[in-house]
Amino acid sequence: MEIVEPPSLEILVREQDGFVMCDGPPFPNGQPNAKLERITCSSANFSEDGSKLMIIKSDSEISIYDCKSWREIRSFQVPNLLAAVLSPCGTYLQTFQKSTSPQDRNVVLWNTETGDFVHNLAQKNMTKATWPSIQFSFDEVVACRVATNEVQFFDPGDLSKGTVQRLRVPGVAGVELSKKPGAYVAVYVPESKGMPASVQIYNTGKDLQCQPAARRNFFRCSTVKLSWNSGSTGLLVLVQSDVDKTNQSYYGESKLNYLTTDGAYEGLVPLRKEGPVHDVQWSHSGREFAVVYGFMPAMATIFDRKCNPLLELGSGPYNTIRWNPKGEFLCLAGFGNLPGDMAFWDYVEKRQLGTTKAEWSVISEWSPDGQYFMTATTAPRRQVDNGIKIFLHNGSLYFKKMFDKLYQVEWKPESPDKFGDIAELVKSVASLKVEGSKTQGPGLKSSQGTSKATPPNPPSQKPSAYRPPHAKAAAAVQAELFGGSPSGEMSKNALKNKKKREKQKEKKAAEAAGGIT
């Protein structure tokens, strides 16, 4: 039996003057090597399977690259371009152009191999919920789009046929196709005229059913986020309301609902703490999902497909959960307006591996083989301290590089199934000798070392109560005047004076008692 070598990891890095493709870790010489020379562009995005790369070079020119040979295979001239996206397998390029009249068919689909036009349609505006206009399942077997009061289905093998099936759903505002496989579609209908909002699941088979396989209604719903598991058996629905009627949160309230395609479960996920749902993610297998929730310090819990809690990950300043593609390790983190704390967990052994920090991180993701965790600080979210950090699965810092301006960094997508067992991969990385700081190039600061993560389960210290700055200053002045210390501990003089005062009180109390008798 022929042994198939796993693919090498690759990283896309985009700066002000364009992007480069680099070798991913491990770095034999301590630094990544460029695989594709710098190309000037305003945007670069992979197809979901990593087979093709789309580069927007200007407001009218798009180039498609093959990710094996890194050769340009097709170029498109699209005037008044506003957005573009590749289908999951890279078969089609979908573009959105600025329309000049309501009759303009401004959404166009192109074949990336031949460059031929295959379909077009009209769309007035573009929002997060309506782009891309045509959604594909991960294997590109099913394709659909939202239209007025209906969901339209297409034949991905021949999009020139136009609409081949229609699903009538009055008031439909959004859909989410299940990915692997595309056997179901989730449909969102917002609140209207006193009627509750709803999410319904339909089968996408040839005999498209008008009756939903599962349905969930809810009031106080402004937006929803739909998340399918691998295997298309369960759907998580994060319902967000702009107003919190309990007045506990300025940012509204959120509820996490769960539906199964077989109708076995339909209801709220039983979270143990009040407050917002910060993040939720399915494992690669689709058998478990992890949730970060509650007012700070937030809690994190892993549930199975029946919503039974499997593992508590503790609490802390967290709002992000990232499950590695192999499903064995997790990173629990607090990014955005939080200080960047990260805790790495081994889900199989149910133990914490280590903790560390990555301040100001905007991007965070595991490598396709599940060994490395990359964080990045990018513009325009943050204009200073831009850079990349790569950590090992246990939180140890493996690589760091700073940039003047960094706009984008991401792993080239690969199927996790192409890589070997995670335990063997971890051993091979541990055997590598990681060198210290390297020579710095012009305008770049880089370092690589074996800085260890904090030992798992460090002794917890009781957090002190919050004290505003003016109270701290007052405490310092008081300590200076009366012999105390700002931290609350008493000096030797203060203790001596305290004993004198206590003796004087006792003496006065004794004299008073003697006077009474």
Side-chain angles (χ1 to χ4, degrees), residues 128-129 176 179 186 199 221-230 234-242 244 248-259 268-305 307 309-325 327-345 347 352 355-367 370 373-378 381 391 395 410-411:
K128 222 173 185 180
E176 185 71 25
K179 301 299 181 184
V199 167
C221 171
S222 303
T223 58
V224 296
K225 181 182 176 183
L226 306 173
S227 178
W228 282 101
N229 71 335
S230 177
L235 175 73
L236 289 168
V237 182
L238 180 56
V239 178
Q240 183 74 37
S241 173
D242 293 336
D244 182 5
Q248 289 183 302
S249 174
Y250 175 79
Y251 300 100
E253 63 177 334
S254 54
K255 299 290 183 184
L256 185 62
N257 297 262
Y258 178 56
L259 294 85
L268 289 171
V269 176
L271 304 179
R272 292 176 49 210
K273 189 174 184 178
E274 290 293 324
V277 177
H278 304 287
D279 196 12
V280 58
Q281 190 181 32
W282 284 100
S283 68
H284 175 68
S285 66
R287 291 192 291 267
E288 311 91 3
F289 61 91
V291 191
V292 185
Y293 59 95
F295 296 112
M296 292 295 164
M299 291 186 68
T301 307
I302 297 176
F303 296 88
D304 64 12
R305 285 185 293 188
C307 284
L310 298 175
L311 179 64
E312 295 289 347
L313 303 178
S315 60
Y318 303 126
N319 60 4
T320 304
I321 190 84
R322 294 286 183 267
W323 210 315
N324 90 329
E328 296 197 13
F329 304 123
L330 296 101
C331 178
L332 188 59
F335 297 140
N337 60 346
L338 295 177
D341 293 87
M342 297 194 299
F344 290 83
W345 283 79
Y347 172 64
Q352 191 181 99
T355 60
T356 186
K357 268 195 172 187
E359 297 89 347
W360 314 116
S361 296
V362 178
I363 296 167
S364 60
E365 197 54 69
W366 285 94
S367 60
F373 188 75
M374 179 169 63
T375 66
T377 304
T378 57
R381 175 76 174 269
F391 299 87
E410 61 180 281
W411 301 100

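In this text the structure is predicted, and so the values were computed from the model without any measurement. Side chains are part of it too, since the values below use all heavy atoms of this structure and drop only hydrogens, waters and symmetry mates.
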Kindly give the heavy-atom pair with the smallest separation between [X] and [Y], and that separation in Å.
X      : Y      : value
Asn319 : Gly334 : OD1-CA, 3.4 Å
Ala300 : Glu312 : O-OE1, 3.5 Å
Ser315 : Pro297 : CB-O, 4.1 Å
Gly316 : Met296 : O-SD, 4.0 Å
Met342 : Ala358 : CE-CB, 3.9 Å

Heavy-atom side-chain proximity of [X] to [Y] below 4.5 angstrom:
X      : Y      : result
Glu410 : Met374 : no
Asn257 : Leu236 : no
Glu328 : Ser283 : no
Lys357 : Pro339 : yes
Val237 : Lys255 : no
Ile363 : Thr378 : yes
Ser241 : Ser254 : no
Val362 : Phe335 : no

If you measure from [atom1] on [X] to [atom2] on [Y], what distance do you get to the nearest 0.5 Å?
X      : Y      : atom1 : atom2 : answer
Asn324 : Ser367 : CG    : OG    : 8.0 Å
Glu274 : Met299 : CD    : CE    : 12.5 Å
Arg305 : Asn229 : CZ    : CG    : 7.0 Å

Inset, instruction - Decide side chain to side chain contact (heavy atoms under 4.5 Å, CB included) for Leu226 and Leu235; before the verdict, give the C-alpha distance in whole Å, the side-chain angles of both, and the deciding distance to 0.1 Å. - result: CA-CA 7 Å; Leu226 306 173; Leu235 175 73; 4.1 Å; yes
Legend entry - Distance-only polar pair, side chains of Gln240 and Thr223, donor-acceptor under 3.5 Å: no
Inset, instruction - Examine the side chains of Tyr293 and Thr301 and answer whether a donor and an acceptor come within less than 3.5 Å of each other. - result: yes
Inset, instruction - Among Ile321, Leu256, Leu238, find the residue that satisfies the side chain to side chain contact (heavy atoms under 4.5 Å, CB included) test when tested with Val291. - result: Leu256
Legend entry - Check against side chain to side chain contact (heavy atoms under 4.5 Å, CB included), Ser364 and Thr320: CA-CA 9 Å; Ser364 60; Thr320 304; 4.3 Å; yes
Inset, instruction - Assert yes or no for the condition that the ring centre distance of Phe289 to Phe303 is strictly below 6.0 Å. - result: yes
Inset, instruction - Mind checking side chain to side chain donor-acceptor pair (under 3.5 Å) for Tyr318 and listing every partner two or more places apart, or none if nothing turns up? - result: none
Legend entry - With Glu365 via side chain to side chain donor-acceptor pair (under 3.5 Å) - residues at least two apart: none
Inset, instruction - Before accepting this row, confirm whether a basic side-chain N of the pair Glu176/Lys225 lies closer than 4.0 Å to the acidic partner's carboxylate O. - result: no
Inset, instruction - Going by the ring pair (Phe, Tyr, Trp, His ring centres under 6.0 Å) test, name the single residue among Phe344, Trp411, Phe391 that passes it with Phe373. - result: Phe344
Inset, instruction - Please work out whether the ring planes of Trp282 and Tyr258 are parallel, tilted or perpendicular, with thresholds of 30° and 60°. - result: tilted
Got a donor-acceptor contact below 3.5 angstrom from the [X] side chain to the [Y] backbone?
X      : Y      : value
Asp304 : Glu288 : no
His278 : Gly294 : yes
Arg322 : Leu330 : no
Lys273 : Phe295 : yes

Inset, instruction - Check ring-ring contact (aromatic ring centres under 6.0 Å, His included) between Tyr347 and all other residues, then give those that pass, not counting sequence neighbours. - result: Trp323
